[in-house]
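Below is one structure, written out as structure tokens; comments come after it.
Lettering of chains follows the sequences in order, A, B, ..., and the numbering in each one begins at 1.
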Amino acid sequence: MDKQDNFNLAKAYEPQEYEAEIYRLWEESGFFNPDNLSEGKESFTISMPPPNATGILHLGHASTLAYQDLMIRYQRLRGKKTLWLPGTDHAAIATQTKVEKILAEKGVDRHSLGREKFLEKVKEYVADSQGTIRNQIRKIGSSCDWSREAYTFSDSLSVAVNEAFVRMYNDGLIYRGYRIVNWCPRCASTLADDEVEYQEQLGKLYYIKYGPFVVATTRPETKLADTGVAVNPEDTRYQDYLGQVLEIDLAGHKIKVKVFADAQVDSEFGSGVVGVTPAHSAVDYDFAQKNDLEIIKLIDEQGKIMSTGGKYAGLTVLEAREKFVKDLEAAGQIEKIEDLENNLSICYRCDTPIEPLTSEQWFVAVDKKIPGRDQTLKELAIQAVKNKEIKIVPDRFSKVYYHWMENLHDWCISRQIWWGHQIPVWYSEDQKMIVAISEEDALKKAGGQKIARDPDTLDTWFSSSLWTFSTLGWPEKTKDLDLFHPTSVMETGYDILFFWVARMILMSEYLLESKPFETVYLHGMIRDKEGKKMSKSLGNGIDPIEMIEKFGTDALRLSLIIGSSPGADLRLYEEKIEGYRNFVNKLWNISRFVFSQVGEIKITENLPKTETLADAWILAEFNLLIKEVTENLETFKFSLAGEKLYEFTWSKFADWYLEVAKIEKNKDEILLYILPRLLTIWHPFTPFVTEVIWEQFKSDKFLMINQWPKADESNQEAQENFKDFIDLVTQIRNIKAENKIPPVEFVDCYLESQVLSSADLEVVAKLGRVNLKTEEITGENFASFKSRGQIKAAKAMTEKEKEDLEKYIKSLEAKLGNKAFVENAPPEVVADNQKRLEEAKQKLAN
RNA sequence: GGGUGUAUAGCUCAGCUGGUUAGAGCGUUACAUUGACAUUGUAGAGGUCAGAGGUUCGAGUCCUCUUACACCCACCA
């Protein structure tokens with residue numbers, strides 16, 4: 001008690017009282033910026049996956065930030081020049097959709113507002129939510145370099161976007177073409193293939209009498225624009241028609257279709273005859289290319305039937321379907337209608353059903369050889385992973401990556417929304433197309449003519465695919481780019497492996513001829529206790545900010561990291577976070593206790609001398625811990641590292657060593673050796689509480705930039721011997737409990753041990769709360785003592801324990817009696833079993 | 001239709017290249033607690049490792065099949 005004046009820590013850790021202040025101190029220190037870290041060392045870089053500039057941070061963000069901050073803090077403590085570059089994404093479609101929704105509530109739509117005014121509204125909205133996001137990233141404790149904060153739609157990143165576009169165009173890797181695309185009628189824009197999601201639905205399969213055939217379709221209205229009929233080449237029923245052009249009457253609407261054969265047609269499905277609508281189905285479009293079919297566009301960009309639909313013109317798709325089916329029925333042309341489960345394609349941002357339609361758009365050619373490189377973009381991206389240049393953790397996602405890449409089609413990059421990078425293409429008065437990096441450049445190229453810009457914008461993933469290097473100043477040759485690229489780790493969820501990770505690899509390999517990162521670490525999705533996805537509609541979402549307020553950031557971070565493994569989903573719930581809050585408080589109180597015990601609060605610099613077995617043991621355990629945690633962190637086994645730290649801190653250091661220290665006293669050297677180092681290795685996991693405790697050491701530097709401790713040799717003998725120590729104490733407590741002897745009641749006890757000194761045994765007795773007798777107590781069974789009496793701990797064993805031990809001995813004897821085992825098993829395994837048998841027998845005999 | 005993952009205590013999960021009597025946290029039961037911590041301590045109960053075969057001296061761990069769940073991809077009109 002008399003020593004407690006020299007430290008000042010409340011009885012329980014209250015995170016809210018410290019976190020904001022600690023973060024402010026870190027930020028002001030400038031050490032988030034690698035320029036202020038020591039010179040000339042190896043660098044370590046992570047580009048923060050930019051959160052969408054919409055709404056607020058959810059648990060998924062909290063988890064990705066916790067992982068990244070863990071790696072960043074670890075590497076900073078290891079002395080690397082550590083850069084974590086934060087930023088946000090303008091998230092073209094997502095943001096535009098969101099603002100449109102807000103405007104719609106006021107009865108305004110973007111067209112009535114006009115492009116300029118609408119974009120202003122979006123900018124306001126983005127500025128607002130970026131502020132929220134920045135604050136929330138800070139709340140998680142993210143030690144990122146705010147001075148380098150980036151935004152995909154900033155001026156400098158827009159330069160990178162135009163540069164990339166122009167280079168690809170000049171290399172023939174970006175082209176404009178009239179092709180079939182995914183069209184979202186609500187967004188009034190194209191979508192990339194991977195931006196289309198599928199929803200199972202119960203639809204109808206209509207069998208339509210179609211000239212000499214019966215054609216089965218889920219979308220009868222599209223038959224108005226059929227230009228072909230496909231059958232399987234093996235199908236004997238229709239051989240005579242192959243190659244013919246037939247005129248078909250569909251309830252008065254006349255179409256001309258060419259009959260052809262293709263192996264893709266399944267003669268078992270539906271009627272075995274496919275009506276081909278090239279303008280509104282990707283498969284049919286391919287058929288049209290192969291068989292030279294006419295392409296008749298039927299559905300326009302608003303999802304309405306065009307004049308090519310005859311009397312159905314002007315109707316929406318669904319209206320036209322209803323009317324046309326009625327007309328066909330009236331004409332006796334519906335043979336039957338069946339129920340059919342199929343996938344409805346919907347927009348990934350607004351869930352609107354997708355219309356495939358033909359349109360003139362910009363594409364990235366993934367299968368075209370890059371000039372001078374004899375490789376396609378696709379091949380480039382596959383190779384980077386295949387030759388292990390880039391490592392994906394967990395490895396199984398490499399396979400998923402290859403599969404996706406190999407099946408990648410040309411990437412449609414033009415969007416018809418307003419929010420985003422305008423395509424760097426202008427048209428001169430004489431209708432010449434000018435592709436240029438800027439308006440000035442385009443004007444120059446136009447040679448004095450007036451120019452007009454293409455209104456289309458770029459897919460948001462085009463700009464984010466440049467993220468690892470556009471944020472470092474590319475296309476300028478900057479010092480940052482040189483120092484920090486390729487980045488070290490890309491930490492993100494497996495759900496955006498395709499959207500983002502794959503495209504970053506593709507772009508970096510093409511534009512920089514280098515990988516964007518060395519390792520991709522993929523975390524899983526956060527789910528609720530039942531394993532359900534957290535979502536607004538289910539109301540099962542946990543708000544990370546609320547959890548931080550309730551339990552503290554450190555507790556939330558631990559709950560996200562411990563118990564998770566890469567690529568696997570994680571269930572999170574409040575009790576779990578609460579449990580880690582308890583742990584953080586334990587660490588706090590361990591520190592309080594240490595500070596209360598020692599004469600002066602300072603750090604022991606050198607490995608201390610050991611006085612007792614417990615001393616030697618705890619140092620041995622601690623050295624082993626440092627070694628293992630370091631190894632685990634180097635190999636991305638964050639959860640395992642956390643579990644080991646947890647176990648050491650609570651079950652070894654607190655439960656045993658500190659309890660022994662209360663008895664043995666005078667442990668200043670060792671306590672002040674372990675505690676600061678323990679705080680250091682905990683720091684990447686729980687940055688706040690460790691930094692707060694660290695302040696008590698009055699060090700001239702933050703724990704954040706302390707040095708990662710080195711592991712010394714471990715004393716195996718001490719580890720082995722201390723097991724006996726623990727074993728004896730546990731036995732005593734056990735016997736007392738079994739005999740209903742209150743823990744506080746000191747009964748007599750005789751102890752003996754081969755390895756423990758008499759001093760050790762005295763400590764054992766104190767921990768077990770017994771009176772240590774120097775002579776063996778004979779003649780009586782301890783059970784008869786009931787609540788008072790003597791114990792010879794080594795002899796006491798319950799019936800159950802006896803039985804278990806006997807069983808164990810039998811199984812070992814059987815094993816060792818087996819010739820095959822003795823002959824085939826490695827000698828050390830046999831010897832080990834032999835030893836165990838002897839020990840067990842001895843125990844039983846005692 | 002293809003592919004991947006998961007299945008271990010009531011719940012959430014560890015268990016690395018096969019070799020202790022299969023572990024942890026939460027929950028639960030009993031006891032304790034004014035001296036670091038009730039956000040605590042001590043002790044206990046609780047498991048045919050989804051099922052069936054196989055490989056091996058030895059399988060929770062490797063192989064095959066089956067079942068259940070989850071996810072991803074794909075152009076069944």
Side-chain angles (χ1 to χ4, degrees), chain A residues 1 4 9 11-13 194 198 205 215-219 222 230 264-266 268-277 281-287 340 342-343 356 394 396-397 399-400 403-404 407 494-495 497-498 524-525 527 529 531 551 555 562-565 567-573 575-576 578-597 635 637 639-640 643 646-647 651 654-655 658-659 662 730 733-734 736-738 740 742-744 769 804-805 807-809 811-812 815 818-826 828-830 832-833 836 840:
Chain A
M1 285 306 264
Q4 286 202 6
L9 295 177
K11 196 168 169 179
Y13 175 57
D194 47 337
Y198 297 92
L205 187 64
V215 159
T217 179
T218 51
R219 300 196 54 190
T222 62
Q264 252 187 83
V265 178
D266 177 359
E268 302 297 312
F269 184 86
S271 61
V273 180
V274 183
V276 177
T277 325
S281 150
V283 198
D284 291 5
Y285 185 81
D286 288 343
F287 280 147
L340 178 76
N342 66 346
N343 281 332
R396 68 188 140 87
F397 280 97
K399 235 192 268 178
V400 182
H403 184 256
W404 186 80
N407 292 297
Y494 63 72
D495 55 331
L497 179 64
F498 306 139
M525 305 295 109
R527 293 170 177 278
K529 200 168 184 175
F551 302 113
I562 299 184
S564 76
S565 54
D569 292 352
L570 176 76
R571 296 184 191 205
L572 190 72
Y573 40 90
E575 299 93 296
K576 206 167 178 174
E578 193 184 353
Y580 287 111
R581 186 271 315 265
N582 295 354
F583 172 77
V584 168
N585 188 58
K586 185 75 183 182
L587 182 60
W588 176 263
N589 273 293
I590 285 170
S591 310
R592 284 182 73 214
F593 176 70
V594 169
F595 294 147
S596 76
Q597 293 293 298
T635 49
K637 290 173 182 158
S639 176
L640 199 55
E643 283 166 51
Y646 185 103
E647 216 248 322
S651 312
D655 287 353
L658 295 188
E659 291 306 318
K662 283 176 188 173
T730 311
R733 287 170 176 166
N734 203 323
K736 284 177 77 176
E738 294 259 335
K740 306 244 183 298
V744 281
R769 300 196 183 193
D804 286 350
L805 198 59
K807 257 191 235 163
Y808 179 47
I809 289 170
S811 78
L812 283 174
K815 205 177 199 178
N818 183 353
K819 242 189 209 160
F821 171 72
V822 181
E823 278 164 17
N824 293 310
E828 63 269 23
V829 173
V830 178
D832 195 42
N833 276 278
R836 264 183 257 139

Discussion item. If you assign A:A737 and A:K11 each to the RNA chain B nucleotide with the nearest heavy atom, which residue ends up on the more 5' nucleotide?
Written reply: A:K11

Practice prompt. Under 4.0 Å between any heavy atoms, over every strand shown, what does A:K576 touch: base, sugar-phosphate, or nothing? Just pick one.
Written response: sugar-phosphate

Worksheet, complete the sentence: Whether each nucleotide of nucleotides 21-32 of chain B has a protein heavy atom under 4.0 Å at its base (B), only at its sugar-phosphate (S) or at neither (-) is summarised, 5' to 3', as B---------S-

Worksheet item: Mind checking what makes side chain to side chain contact (heavy atoms under 4.5 Å, CB included) contact with A:N833, not counting sequence neighbours?
Response: A:L812, A:K815, A:L816, A:F821, A:V829, A:R836

Fill in: Short side-chain N/O contact from A:N734 to OP1 or OP2 of B:G44, under 4.0 Å
yes

Practice prompt. Determine the interplanar angle of the A:F498 and A:W404 rings, folded into 0 to 90°, and report it as parallel if under 30°, tilted if 30 to 60°, perpendicular if over 60°.
Written response: parallel

All N/O contacts under 3.5 Å from nucleotides 75-77 of chain B to the protein, with atom names and distances to one decimal?
{"from": "B:C75", "atom 1": "O2", "to": "A:Q264", "atom 2": "OE1", "distance (Å)": "2.6"}
{"from": "B:C75", "atom 1": "N3", "to": "A:Q264", "atom 2": "OE1", "distance (Å)": "3.1"}
{"from": "B:C76", "atom 1": "O2", "to": "A:D266", "atom 2": "OD2", "distance (Å)": "3.4"}
{"from": "B:A77", "atom 1": "O2'", "to": "A:A216", "atom 2": "O", "distance (Å)": "3.4"}
{"from": "B:A77", "atom 1": "N6", "to": "A:D266", "atom 2": "O", "distance (Å)": "2.3"}
{"from": "B:A77", "atom 1": "N6", "to": "A:F269", "atom 2": "O", "distance (Å)": "3.1"}
{"from": "B:A77", "atom 1": "N1", "to": "A:D266", "atom 2": "N", "distance (Å)": "3.1"}

Response to the item:
Of A:Y494 and A:G563, the one whose nearest nucleotide on RNA chain B sits closer to the 5' end is A:G563

Item to complete: Give one of base, sugar-phosphate or nothing for A:S639, where a contact means two heavy atoms less than 4.0 Å apart.
Response: nothing

What's touching nucleotides 55-57 of chain B from the protein side, N or O pairs under 3.5 Å?
{"from": "B:C57", "atom 1": "O4'", "to": "A:A820", "atom 2": "O", "distance (Å)": "3.4"}
{"from": "B:C57", "atom 1": "O4'", "to": "A:N824", "atom 2": "ND2", "distance (Å)": "3.4"}
{"from": "B:C57", "atom 1": "O2'", "to": "A:N818", "atom 2": "ND2", "distance (Å)": "3.1"}

Worksheet item: Using a cut-off of 4.0 Å on non-hydrogen atoms, how would the nucleic acid contact of A:K637 be classed: base, sugar-phosphate, or nothing?
Response: nothing

Item to complete: Give one of base, sugar-phosphate or nothing for A:R733, where a contact means two heavy atoms less than 4.0 Å apart.
Response: sugar-phosphate

Worksheet entry | Lys NZ or Arg CZ of A:K586 over A:Y646 ring: under 6.0 Å, within 45° | no

Discussion item. Does the protein touch nucleotides 1-7 of chain B at the base, only the backbone, or not at all? Give it as B, S and - per nucleotide, heavy atoms under 4.0 Å.
Written reply: ---SS--

Item to complete: Taking side chain to side chain contact (heavy atoms under 4.5 Å, CB included) as the test, write out the residues that go with A:K529, two or more places apart.
Response: A:Y573, A:E575

